[in-house]
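None of the values given here were measured: they were computed from a predicted structure. Heavy atoms only: backbone and side chains are in, while hydrogens, waters and symmetry mates are out.
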Amino acid sequence: MTELRRFWKTIHHDQQGAVSLETILIIGAIALPVLIFLIKVGWPKIKDYFDRGLDELKQEADAAKT
């Protein structure tokens, strides 16, 4: 039982990796709203761009067949 208690005490007091975890959380807090904004605003524009390109490709393929 004392070994388990010593193990948990060592893990609890160990600060190694705390800075990395905080940095990841900060980056996530910044990146998540940016990603949501890009999906809400940018995705329709990107989709329209690719849809137009696909339509042009189909038209050119149909023109090449005839």
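- Distance check: Leu54 CG to Arg52 CZ gives 12.5 Å after rounding to the nearest 0.5 Å.
- When every heavy atom of Gly28 is checked against every heavy atom of Pro33, the shortest pair comes out as O-CD, 4.4 Å.
- With values rounded to the nearest 0.5 angstrom, Leu35 atom CG is found 13.5 Å from Ile30 atom CD1.
- In this structure, Leu21 CG and Ile26 CD1 are separated by 10.0 Å, a value rounded to the nearest 0.5 Å.
- Here CG of Asp51 is found 12.0 Å from CD1 of Ile46. Values are rounded to the nearest 0.5 Å.
- By the rule that hydrophobic residues join a cluster once side-chain heavy atoms approach within less than 4.5 Å of another member, Trp43 and Phe50 end up as members of one cluster.
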